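Encoded as structure tokens, the structure appears first; notes follow it.
Predicted, not measured: the structure shown is a model, and the values here were computed from it. All values below were derived from every heavy atom in this structure, side-chain atoms included, with hydrogens, water molecules and symmetry-related copies excluded. The first residue of the sequence shown is numbered 1, and numbering continues consecutively from there.
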Amino acid sequence: MSYKKLDIWQLVRENVNQIHEMTIQTLPNFELYETGSQIRRSSKSVKANIVERYGRKKYKLEFIRFLTFSLASNYETSMFDH
């Protein structure tokens, strides 16, 4: 099975697309390149860590480590929630 078939990866991918669109369309110009960029990077990090976690699924400690990274990036993304 591919990581692309994981429900969580599909949800996160959609979230990344929505966040990208939202930051481009709704943030004021002065926040577009600093805050907007940070929001986009942290949301993409959630997706990347899920993929990397999937690649290390045979190693329990690595599996947990990358899930933790994903969760932390998700918290970082959500701290920008207005």
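With sequence neighbours left out, Phe69 forms a ring pair (Phe, Tyr, Trp, His ring centres under 6.0 Å) with Phe66. Taking Glu52 as the reference, Arg56 meet the salt bridge (Lys or Arg N to Asp or Glu O under 4.0 Å) condition, with sequence neighbours excluded. Annotation: side chain to side chain contact (heavy atoms under 4.5 Å, CB included) contacts of Leu11 (sequence neighbours excluded): none. With sequence neighbours left out, Ser70 forms a side chain to side chain donor-acceptor pair (under 3.5 Å) with no residue at all. Tyr3 pairs by the ring pair (Phe, Tyr, Trp, His ring centres under 6.0 Å) definition with Trp9, not counting sequence neighbours.
Across all non-hydrogen atoms, the minimal contact from Ile50 to Leu6 is CG2-CD1, 4.5 Å. Minimum heavy-atom separation, Ile24 to Leu32: CA-CD1, 3.8 Å. Nearest heavy-atom pair, Ser43 versus Val16, reported as atom, atom and distance to 0.1 Å: O-CG2, 3.4 Å.
Counting only residues at least two apart or in different chains, salt bridge (charged side-chain N to carboxylate O under 4.0 Å, His left out) contacts with residues 2-23 are absent.
In this structure, the separation between CD on Gln38 and CD on Glu76 is 4.5 Å, given to the nearest 0.5 Å. In this structure, Arg40 CZ and Thr77 OG1 are separated by 12.0 Å, a value rounded to the nearest 0.5 Å. The structure places CE of Met22 at 6.0 Å from CD1 of Ile19, a figure rounded to the nearest 0.5 Å.
In this structure a side-chain-to-backbone donor-acceptor pair under 3.5 Å is present from Ser42 to Ile39. Between the side chain of Ser37 and the backbone N or O of Glu34 there is no donor-acceptor pair closer than 3.5 Å.
Partner of Val12 under the side chain to side chain contact (heavy atoms under 4.5 Å, CB included) criterion, chosen from Asn17, Val46, Val51: Val46.
Looking only at side-chain heavy atoms (C-beta outward), Asn15 and Lys47 stay at 4.5 Å or farther from each other.
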